[in-house]
Protein chains: 2
Amino acid sequence: MKNRTIASSIGFEIRRRILDGRYPAGSQLRQDGLASEFGASRIPVREALFQLEAEGLVRIHPHRGATVAPLSPADAAEALELRGVLEPRLLALSTPRLTGDDFDRADALLEDYAAALRDGATARWGTLNTELHLLLYSRADRPRTLGIVGALLAECDRYTRLQLSTDAAELERADREHREIVRLCRNGHASAACALLADHIDHVAASLMAFLGTAPTP
Amino acid sequence: MKNRTIASSIGFEIRRRILDGRYPAGSQLRQDGLASEFGASRIPVREALFQLEAEGLVRIHPHRGATVAPLSPADAAEALELRGVLEPRLLALSTPRLTGDDFDRADALLEDYAAALRDGATARWGTLNTELHLLLYSRADRPRTLGIVGALLAECDRYTRLQLSTDAAELERADREHREIVRLCRNGHASAACALLADHIDHVAASLMAFLGTAPTP
DNA sequence: GCCCGATCGATTTTATACAATTTCAACACC
DNA sequence: GGTGTTGAAATTGTATAAAATCGATCGGGC
């Protein structure tokens with residue numbers, strides 16, 4: 001996945017490393033270090049950091065540098081609360097307009113997800129989950145809401161990734177729920193799909209809150 | 001309102017000019033011209049443009065420059081739809097925790113609003129409206145949602161400003177509704193305030209849609 | 001011994017200069 | 001006459017280097 005500008009390329013890489021946990025929450029992101037690490041100057045790094053700050057993954061304190069946005073149970077709860085409000089609305093709007101190609105792509109994503117589940121490739125799960133959700137909402141014709149939800153999904157990935165290694169049962173339940181949601185959408189049962197989607201997000205939220213409650217982030 | 005960094009200062013100024021309409025929708029924002037206009041280099045201008053792009057006011061096409069984000073009835077409808085979903089929820093959470101100082105500030109904003117209404121100072125109305133709404137939600141303890149709603153309010157200001165010069169009755173109705181919402185909140189009638197807030201946003205949406213329908217933006 | 005202030009170091013921020021890319025238009029060719 | 005190509009001009013994107021700012025440490029005073 002190549003980008004046309006160095007700044008966006010660096011932005012993608014830093015984003016991936018934050019989601020991977022290679023840059024832990026709260027850690028300093030020094031422009032000079034990142035620049036030399038990517039073999040570029042500091043200015044593309046700066047632009048990438050600004051982009052990431054807008055997405056909520058990075059906090060920039062003027063003259064004090066950039067840090068990876070901290071993880072907190074309250075933030076996770078708010079992100080999931082927003083998802084619970086916005087995503088069912090998007091699904092209700094999008095479901096009637098999904099095409100056969102869309103469902104083919106959804107099936108492919110579900111298969112990739114199952115494969116990642118078998119291989120224990122937790123790194124791919126987050127992006128596949130985000131892609132699947134966004135695909136299901138892609139026909140809602142709400143570009144601004146879609147952008148917001150995309151950022152929320154990325155944020156939630158940071159939390160779920162903490163949880164993945166310890167709680168494999170959650171992944172399987174998510175897989176089952178995903179498949180059921182896609183099935184309901186394909187058969188035209190939009191309202192049932194929305195209800196299940198709301199439950200799905202509630203399940204993720206409850207599981208994550210329980211996990212964060214037992215192991216609060218520093 | 002001075003900012004500690006030149007980039008953010010330039011960002012505030014460009015934002016104000018976009019909201020004012022001095023930089024019309026779709027117009028090119030040339031970095032060199034802006035830099036010389038502000039007596040600075042292009043790099044702070046670039047960072048300001050990136051910030052504004054994240055807020056949705058500017059579109060940046062790689063190697064093709066930055067343009068003011070276009071106005072479309074569909075975008076206005078989506079922004080108001082989101083506001084209608086998110087703002088009542090914030091108000092419900094915030095109302096029980098608003099303090100006496102908060103209501104004093106709300107009263108001051110309402111008075112400023114009335115004064116601006118008498119003077120025909122349409123430029124101040126947008127910021128006052130945004131400040132009042134955000135103040136009412138400030139105790140909801142939902143920072144991410146608050147940020148989203150702030151961006152939506154700024155976006156809506158761009159549309160309502162088009163409408164203001166022609167439709168003064170809308171302003172007076174908004175004033176009445178604002179006062180009633182504040183009164184209900186002060187007296188602890190949270191659910192009634194939320195219902196009225198939802199109506200308020202619906203009224204703005206209906207009026208704006210009627211206006212945009214008769215005078216669609218280019 | 002403890003608190004306050006100034007200097008030093010490091011980092012960010014900004015300015016200047018250069019390179020890469022796109023767009024527009026003119027021109028040759030089909 | 002239409003179309004593809006090629007050139008130049010303009011604008012953006014990037015690199016290098018100087019200036020401003022903030023935090024911390026060290027020294028002096030109470």
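Proteins come first, then strands; the chains are lettered A, B, ... in the order of their sequence lines, and each starts at number 1.
Here A/Arg46 lies in heavy-atom contact (under 4.0 Å) with a base. Contact annotation for A/Ala7: backbone-only contact, meaning every heavy-atom pair under 4.0 Å involves sugar-phosphate atoms and none involves a base.
Between the NE2 atom in B/His178 and the CG atom in B/Leu136 there is a gap of 8.0 Å [rounded to 0.5 Å].
Atom C1' of nucleotide D/dT11 and atom CG of B/Leu29 are separated by 14 Å, given to the nearest angstrom. Remark: C1' of C/dA20 and CD1 of A/Ile43 are 15 Å apart, rounded to the nearest angstrom. The distance from atom NE2 of A/His63 to atom P of C/dT12 is 11 Å, rounded to the nearest whole Å. Between A/Phe50 atom CZ and D/dG13 atom C1' there is a gap of 16 Å when expressed in whole angstrom units. Distance, A/Ile6 CD1 to D/dT16 P: 11 Å, rounded to whole Å. B/Arg30 has its CZ atom 18 Å from the P atom of C/dT22, to the nearest Å. One atom, CG of B/Leu49, and another, P of D/dG13, lie 10 Å apart when rounded to the nearest Å. Atom-to-atom, CD of A/Glu53 to P of C/dT12 comes out at 14 Å; the value is rounded to the nearest Å.
In this structure, the side chains of A/Leu110 and A/Val182 come closer than 4.5 Å at one or more pairs of heavy atoms. Contact check for A/Leu86 versus B/Leu82: side-chain heavy atoms found under the 4.5 Å cut-off. A/Leu146 is not listed as a side-chain neighbour of A/Pro143, based on a closest heavy-atom distance of 4.5 Å or more.
Enclosure of atom CZ in A/Arg16 is not indicated, since only 12 or fewer non-hydrogen atoms of other residues, nucleotides or ligands lie within 6.0 angstrom.
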Stepwise side chain to side chain contact (heavy atoms under 4.5 Å, CB included) test for B/Ser9 and B/Phe38: CA-CA 10 Å; B/Ser9 169; B/Phe38 289 110; over 6 Å; no
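Contacts between residues 31-42 of chain A and DNA chain D, counted as heavy-atom distances below 4.0 Å, involve A/Ala40, A/Ser41, A/Arg42.
Residues that satisfy the side-chain hydrogen bond (donor to acceptor under 3.5 Å, both in side chains) test with A/Arg59, not counting sequence neighbours, are absent from this structure.
Under 4.0 angstrom from either OP1 or OP2 of D/dT14 there lies at least one side-chain N or O belonging to A/Thr5.
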